Trainee: 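One structure, as structure tokens, below. Some questions next.
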Amino acid sequence: VQILSFLGGKVKVEETELKPRIGFLHDINSRNISVFINATREQDSGQYMCSVNVEDDTIRLDKNIGVINLTVLVPPAVPTCHLHGSAVVGANVTLICSSKKGKPSPMYQWQREPPTLQVFFPPAQDRARGTLKLTNLTLEMSGVYVCRAENQAGSKNCSIVLEV
């Protein structure tokens, strides 16, 4: 779909959802035909092609095309934290953290908050799935557990209180 053109001395922006957010970055006579997209959205991701055709130019048409792939990163949404299992002495529980949005998919990091700061590693923690398995619970394992959902665009936290 054509979204922006300069033809016959006139700039034309096509009727797409990009219309109010796209344009040429510089005056077209500067010969720099860079474009901008404001207020990017995830759905703006995709392949964009620039084609330059000059009147009476004898260059082959397939030689004057540039292609760029745009990936709009999306920070994670605030994750939800919940407990699977019964928090009783000697039992096993799984803390689960998940975020409904994020591009690329967020990675998750569980941590127990002070006064007993504790960081977790595999196999207890699965960073891709957002799970933390706590086995053979003791009273001392009670506390506040925080999950951070993170990708290149940002991070968000949720927490859960574990009472053994």
Side-chain angles (χ1 to χ4, degrees), residues 1-5 11 13-26 32-51 65-164:
V1 176
Q2 185 169 326
I3 53 176
L4 183 64
S5 63
V11 173
V13 183
E14 301 296 328
E15 291 294 332
T16 67
E17 66 174 29
L18 284 169
K19 184 172 183 171
R21 304 181 290 121
I22 194 166
F24 287 106
L25 194 57
H26 303 285
N32 181 332
I33 56 171
S34 299
V35 298
F36 66 84
I37 301 175
N38 287 332
T40 53
R41 305 173 186 157
E42 184 176 6
Q43 55 266 39
D44 295 335
S45 295
Q47 191 172 74
Y48 290 80
M49 180 172 54
C50 172
S51 173
I65 294 175
V67 176
I68 190 167
N69 289 306
L70 174 66
T71 301
V72 178
L73 302 179
V74 178
V78 175
T80 57
C81 289
H82 66 277
L83 173 92
H84 180 72
S86 297
V88 296
V89 173
N92 300 335
V93 296
T94 302
L95 303 183
I96 302 168
C97 178
S98 62
S99 182
K100 291 187 189 277
K101 281 189 178 180
K103 187 176 181 180
S105 295
M107 295 298 279
Y108 301 95
Q109 176 69 52
W110 280 99
Q111 176 176 305
R112 184 172 172 194
E113 290 292 278
T116 313
L117 178 62
Q118 188 175 4
V119 178
F120 301 96
F121 301 95
Q125 175 174 241
D126 184 328
R127 293 203 65 212
R129 290 194 173 129
T131 58
L132 174 64
K133 293 180 181 175
L134 301 174
T135 57
N136 195 18
L137 291 178
T138 65
L139 292 173
E140 293 74 28
M141 294 168 84
S142 296
V144 177
Y145 291 76
V146 175
C147 172
R148 185 177 74 224
E150 182 176 39
N151 66 13
Q152 293 93 316
S155 67
K156 292 283 195 282
N157 297 340
C158 65
S159 63
I160 191 165
V161 176
L162 177 65
E163 291 184 39
V164 181

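In this text, all values refer to a predicted model and were calculated from it rather than measured experimentally. Just the heavy atoms: all of them, side chains too, but no hydrogens, waters or symmetry mates, feed the values below. Position 1 is the first residue of the sequence, and the numbers go up from there.
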Trainee: Are the side chains of P106 and Y108 in touch, meaning some heavy atoms are under 4.5 Å apart?
Mentor: yes
Trainee: For I68, I'd like to know if atom CD1 has over 12 heavy atoms of other residues, nucleotides or ligands within 6.0 Å.
Mentor: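 Not buried by this count: 12 neighbours or fewer within 6.0 Å.
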Trainee: Are C50 and I33 packed together at the side-chain level, in the sense that at least one heavy-atom pair is separated by less than 4.5 angstrom?
Mentor: yes
Trainee: Between K103 and S45, is any pair of side-chain heavy atoms under 4.5 Å apart?
Mentor: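 Counting from C-beta outward, K103 and S45 do come under 4.5 Å.
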Trainee: Start with the C-alpha distance between D44 and E17, add both sets of side-chain angles, then the distance that settles side chain to side chain contact (heavy atoms under 4.5 Å, CB included), and finish with yes or no.
Mentor: CA-CA 9 Å; D44 295 335; E17 66 174 29; 4.0 Å; yes
Trainee: With rounding to the nearest 0.5 angstrom, report the OG1 to CZ distance, T40 to R21.
Mentor: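 If we round to the nearest 0.5 Å, T40:OG1 and R21:CZ are 7.5 Å apart.
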Trainee: Looking only at heavy atoms, which two atoms of G130 and W110 are closest? And how far apart?
Mentor: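 Between these two residues, the closest heavy atoms are O-NE1, 3.0 Å.
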Trainee: Is C81 close enough to C158 that their SG atoms are under 2.5 Å apart?
Mentor: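 In this structure, C81 and C158 share a disulfide.
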Trainee: Applying salt bridge (charged side-chain N to carboxylate O under 4.0 Å, His left out), can you list everything that pairs with R148, at least two apart in sequence or on another chain?
Mentor: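 Partners of R148 by the salt bridge (charged side-chain N to carboxylate O under 4.0 Å, His left out) criterion, ordered by chain and then number, come out as E150.
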Trainee: Under 3.5 Å, is there a donor-acceptor pair between the side chain of N151 and the main chain of P104?
Mentor: yes
Trainee: Can you name the closest pair of heavy atoms from F120 and Y145 and give their distance?
Mentor: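 That closest heavy-atom pairing would be CZ-CE2, 3.7 Å.
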Trainee: Could you tell me if the side chain of V35 sits less than 4.5 Å from the side chain of Y48, heavy atoms only?
Mentor: no
Trainee: As an exercise, state the distance from OG1 of T116 to CE of M141, rounded to the nearest 0.5 Å.
Mentor: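 These two atoms lie 11.5 Å from each other.
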Trainee: In the structure I gave you, are the side-chain heavy atoms of E42 and K101 within less than 4.5 Å of one another anywhere?
Mentor: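 A side-chain contact under 4.5 Å is absent here.
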Trainee: List the atom of L83, the atom of I160, and the distance in Å for their closest heavy-atom pair.
Mentor: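 In this case the closest contact between L83 and I160 is N-CD1, 3.5 Å.
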Trainee: Please check: side-chain N/O of N92 versus main-chain N/O of K133, any donor-acceptor pairing under 3.5 Å?
Mentor: no
Trainee: Identify the two heavy atoms, one from P76 and one from A149, that lie closest to each other, and give their separation to 0.1 Å.
Mentor: CG-O, 3.6 Å
Trainee: Nearest 0.5 Å, please: how far is CD in E14 from CD1 in I22?
Mentor: 11.0 Å
Trainee: Can you find a pair of side-chain heavy atoms, one from V119 and one from Q109, that are under 4.5 Å apart?
Mentor: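 Answer yes - side chains close enough.
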Trainee: Is it true that atom CD of Q43 has more than 12 heavy atoms of other residues, nucleotides or ligands lying nearer than 6.0 Å?
Mentor: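 Correct, the count exceeds 12.
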Trainee: Which residues satisfy the side chain to side chain donor-acceptor pair (under 3.5 Å) test with E140, sequence neighbours excluded?
Mentor: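 In terms of side chain to side chain donor-acceptor pair (under 3.5 Å), with neighbours along the sequence ignored, E140 is linked to T138.
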Trainee: What I'd like to find out is whether the side chain of V164 reaches to under 4.5 Å of the side chain of V89, using heavy atoms alone.
Mentor: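 When only atoms from C-beta onward are counted, V89 and V164 do touch, with a gap below 4.5 Å.
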Trainee: Can you see which heavy atom on L73 is nearest to which on A153, and at what distance?
Mentor: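 Shortest heavy-atom separation between L73 and A153 comes out as CB-CB, 3.8 Å.
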Trainee: Are V72 and I37 close enough that some pair of their side-chain heavy atoms sits under 4.5 Å apart?
Mentor: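 V72 does not reach I37 side chain to side chain.
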Trainee: For the pair S51 (side chain) and I65 (backbone), establish whether a donor and an acceptor sit closer than 3.5 Å, ignoring hydrogens and angles.
Mentor: no
Trainee: Measuring from atom OG of S155 to atom CE of M107, what distance do you get when rounded to the nearest 0.5 angstrom?
Mentor: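 Between S155 OG and M107 CE, I get 14.0 Å after rounding to 0.5 Å.
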Trainee: Could you measure the distance from the OG atom of S105 to the CZ atom of R129? Nearest 0.5 Å is fine.
Mentor: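 Reported value, rounded in 0.5 Å steps: 13.0 Å.
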Trainee: Just verifying a value: how many Å separate Q118 CD and L134 CG, rounded to the nearest 0.5 Å?
Mentor: 8.0 Å
Trainee: So, the side chain of S86 versus the backbone of V88: is there a donor-acceptor pair under 3.5 Å, distance only?
Mentor: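 Not a single qualifying donor-acceptor pair exists.
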